[in-house]
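Residue numbers start from 1 in every chain, and the chains themselves are labelled A, B, ... in the order their sequence lines are given, proteins ahead of strands.
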Amino acid sequence: MTDPAPLLEVRHLRVEFPTRRGRLVALDDVSFSIAPGEVLGVVGESGAGKSMTGAAIIGLLEPPGRITGGEILLEGRRIDNLPHEELRRIRGRKIGAIFQDPLTTLNPLYTIGRQLVETMTTHLPIGPAEARERAIGWLEQVGIPAARERIDSYPHQFSGGMRQRVVIALALCAEPRLVIADEPTTALDVSIQAQVIALLKRLAREKGTAMMLITHDMGVIAETADRVAVMYAGRIVEIGPVREVVKNPRHPYSAGLMASIPPLDRRVERLAAIEGAMPRLSAIPPGCAYHPRCPRILSRCAVERPELMEAGGTMAACWLYHRHD
Amino acid sequence: MTEPAPLVEVRDLARYFDVSRPIVQRLLAREGRRILRAVDGVSFAIARGSTLSLVGESGCGKSTVARLVVGLYAPTRGEVRFDGQELSAARRDPRQRRRMQMIFQDPYASLNPRWRVRDIIAEPLDAFGLLPDAAARRDKVAELLTQVGLSPADGEKYPHEFSGGQRQRISIARALSSNPEFLVCDEPTSALDVSVQAQILNLMKALQAELGLTFLFISHNLAVVRQMSDRVGVMYLGRIVELAPAETLFTAPRHPYTRALMEAIPDLAMTGRQRTPVGGEVPSPISPPPGCAFHPRCPLANGRCRAERPELRPYGETAVACHAVEEGRAG
């Protein structure tokens, strides 16, 4: 196969939180890769480890959480064991991050123009005059009307949707190789959401940026991602092409997740729901973590943990797809 | 046949908020008062045992309507009638007040973390003095917990011991405890994961069928609204722009804004489809555009739309506030 070398490779990533009652395993043996220009969607319920995976890659895990196993490679080079300063430089130049809440990303004391210009002059070989011109270009690209007049405004002078677009411009202006977008459109209204999604998608395609798109909104995933990883209780339970995972999920959890989305095109008497709730990290069941809620449980599910295996089109961590040969 | 009287009737309801800066700053900057028209002339009726949903983007005024309808805000103009009685009069009478309850969006913020679940659920019972003794209270709490799919033993626990979905079940049990007939639900599943959202929506539908409840349901999620509603009102900048039976609204939307909203929703069935974004943004309700508030974003806007505000007019079962629809320009 002639797949391009992955831009990001995560191998057997493990993140733990030491607590008084022992260590909690927040991420357990998470492996995936993203190619240049590819959008990998990461979905799952809150607490499944989606955001934690993103944070681990950018080196922004909330203490006391820390990586206790595995490795993260960016363009073939390990970045999980770099000294703090070096990682910070790489993060600024090669990785862009977009978080859900634009207020935590923007500095309220600086104009948005200054924030964009500083980011660019720090990471790109350009002067402030050119950076300012580029900043205006970026603001126009993310759909800020009258960008030239508004570049010297402060973050509070923008609406929530506008601010989120400024955050996106800020994450992209240093032309990173990898963008980690954690619920980038969740705080936006649907009419604005579509604009932002279209922009992110175009950038990945045109500039060959690899993107990890973390969201609980399957609709956004369906129209943006090339591949999807479904996470449950700190592990990837299924990963594969978006069409397969959305239309024909193999893992019973992915299937339950898809089925529980209320349809827009018809009314159903009763929505399919997954009974129960995702376990807490302190009480992850043995075997397959999903087995207490699974409608297709086998006897070994409660005892033996399934690894990702070939499931005819996707990889699924489920004993249903185990072959004996 | 005469229609049965609606349980809730809202006529020309409006609520303005004064968001002016303090007077000294205002004088220094020589600016006038700033009035935010959160809700500006909304009328609808909800039939007994049915669900009316209000849907719209953030800032359209749907949550303000919810708060007006249960009396958490006093209206600037217009009135709310509950079972034929003017709302503020109904609110003064505990026997009427216990007939309406509200469920809030955030089950983390709406439950007192220091109270046991049994006391949270029984609070309305205690407040209205509906129970003769402690044994009756215990039995009622156990019954309510069972009704929402929790176990009677859960009454001894505190809210933090529950997941988001379970907390919303507790909120529902509390809302049901005074045997209300009318529930106002403000984004009840927006804070929940989708698999859990389905559980709560199913529970609400089952309780409605079992207890004959009347719902005012507030949501920004059109797919959820389609599952829950008998009638739907689409709000934009403080006004209802389209009001119709749910099936009609979703199969034959008339107002350009309703159509744009439906177009903009990412849909699972359409993997790879390009969405048509609605251009522009919701304008500020402090200085709404003249004429039809949607005209700056509307593909059908003309001179009349920029000058004259359209009123809600009936077209069959649907009511639409749009000059283009009235003039037959909407296709």
Side-chain angles (χ1 to χ4, degrees), chain A residues 43-48 143 145 159-162 185 187-199 201 216-225 241-243 245-247 253 256-280 293, chain B residues 56-60 149 161-166 189 191-203 205-206 209 220-229 246-247 250-251 257 260-284 297:
Chain A
V43 298
E45 291 172 84
S46 30
S159 70
M162 288 283 186
T185 60
L188 305 180
D189 282 317
V190 281
S191 63
I192 308 300
Q193 219 184 57
Q195 300 171 14
V196 168
I197 292 292
L199 172 78
K201 210 172 158 171
H216 67 277
D217 187 335
M218 284 308 306
V220 168
I221 291 283
E223 69 177 20
T224 316
V242 64
R243 210 164 257 281
V245 176
V246 170
K247 297 247 177 184
Y253 174 66
L257 196 61
M258 299 302 156
S260 61
I261 300 169
L264 181 64
D265 58 356
R266 63 185 189 282
R267 181 177 169 127
V268 293
E269 260 330 293
R270 212 184 140 71
L271 294 162
I274 307 177
E275 290 312 317
M278 199 169 60
R280 292 172 182 224
R293 301 172 77 188
Chain B
E57 297 180 282
S58 43
C60 72
E161 296 174 67
F162 295 90
S163 66
Q166 289 171 320
T189 60
L192 305 179
D193 281 310
V194 61
S195 68
V196 179
Q197 164 174 281
Q199 296 173 13
I200 298 296
L201 295 178
N202 285 337
L203 172 68
K205 275 181 155 183
H220 69 283
N221 186 328
L222 282 168
V224 167
V225 163
R226 177 152 206 185
Q227 305 309 318
M228 298 301 289
S229 323
E247 271 317 292
F250 283 95
T251 49
Y257 177 62
L261 261 190
M262 289 191 191
E263 261 301 302
I265 293 188
D267 194 353
L268 285 177
M270 304 184 197
T271 301
R273 175 191 68 125
Q274 276 297 354
R275 273 200 260 170
T276 326
V278 195
E281 289 199 58
V282 183
S284 158
R297 308 171 77 189

Engineer: Once rounded to the nearest 0.5 Å, what's the spacing between atom CG of B:N221 and atom CD1 of A:I261?
Structural biologist: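 So the gap between those two atoms works out to 10.5 Å.
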Engineer: Below 4.5 Å from any heavy atom of chain A, which atoms of B:S229 appear? Answer side chain, backbone, both or neither.
Structural biologist: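 When you check distances to chain A, only backbone atoms of B:S229 fall under 4.5 Å.
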Engineer: Can you tell me which portion of A:R266 sits under 4.5 Å from chain B's heavy atoms? Options are side chain, backbone, both or neither.
Structural biologist: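 It is the backbone, since no side chain atom gets that close.
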Engineer: Answer with side chain, backbone, both or neither: which region of B:L222 has an atom nearer than 4.5 Å to a non-hydrogen atom of chain A?
Structural biologist: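 The answer is both parts of B:L222.
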Engineer: Considering all heavy atoms of both residues, which atom of B:N202 and which atom of A:L271 are nearest to each other, and what is their separation?
Structural biologist: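 It is ND2-O, 2.7 Å.
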Engineer: Examine whether an atom of B:Q197 lies under 4.5 Å from a heavy atom of chain A, and if so say whether it belongs to the side chain, the backbone or both; otherwise answer neither.
Structural biologist: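 The side chain, not the backbone.
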Engineer: May I ask you to decide if B:A246's main-chain N or O and A:R267's side chain share a donor-acceptor pair within less than 3.5 Å?
Structural biologist: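 Side chain of A:R267 to backbone of B:A246, a donor-acceptor pair under 3.5 Å: no, none is there.
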Engineer: Ignoring hydrogens and angles, tell me if any N or O in the side chain of B:K205 forms a donor-acceptor pair with the backbone of A:E269 under 3.5 Å.
Structural biologist: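 Indeed, once roles are kept as given, a pair shorter than 3.5 Å links the two residues.
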Engineer: Taking C-beta and beyond as the side chain, do B:V194 and A:P262 meet within less than 4.5 Å on heavy atoms?
Structural biologist: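 With C-beta onward as the side chain, the pair touches.
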Engineer: Does a side chain donor of either B:S195 or A:E45 reach within less than 3.5 Å of an acceptor in the other side chain?
Structural biologist: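 Judged by distance alone, the side chains do pair up.
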Engineer: Can you name the closest pair of heavy atoms from B:A198 and A:A273 and give their distance?
Structural biologist: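 Shortest heavy-atom contact: CB-CB, 3.7 Å.
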Engineer: Find the one option among A:G44, A:A277, A:S46 whose heavy-atom pairs under 4.5 Å with chain B are most numerous.
Structural biologist: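 Winner by heavy-atom pair count: A:S46.
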Engineer: Taking side chain as everything from C-beta outward and backbone as N, CA, C, O, which of these in A:A272 sits under 4.5 Å from a heavy atom of chain B? Side chain, backbone, both or neither.
Structural biologist: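 Backbone of A:A272 only, per the 4.5 Å heavy-atom cut-off to chain B.
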Engineer: Do the side chain of B:R226 and the main chain of A:P263 share a donor and acceptor less than 3.5 angstrom apart?
Structural biologist: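 Looks like no, no N/O pair under 3.5 Å.
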Engineer: Ignoring hydrogens and angles, tell me if any N or O in the side chain of B:Q227 forms a donor-acceptor pair with the backbone of A:L264 under 3.5 Å.
Structural biologist: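 Answer holds: no.
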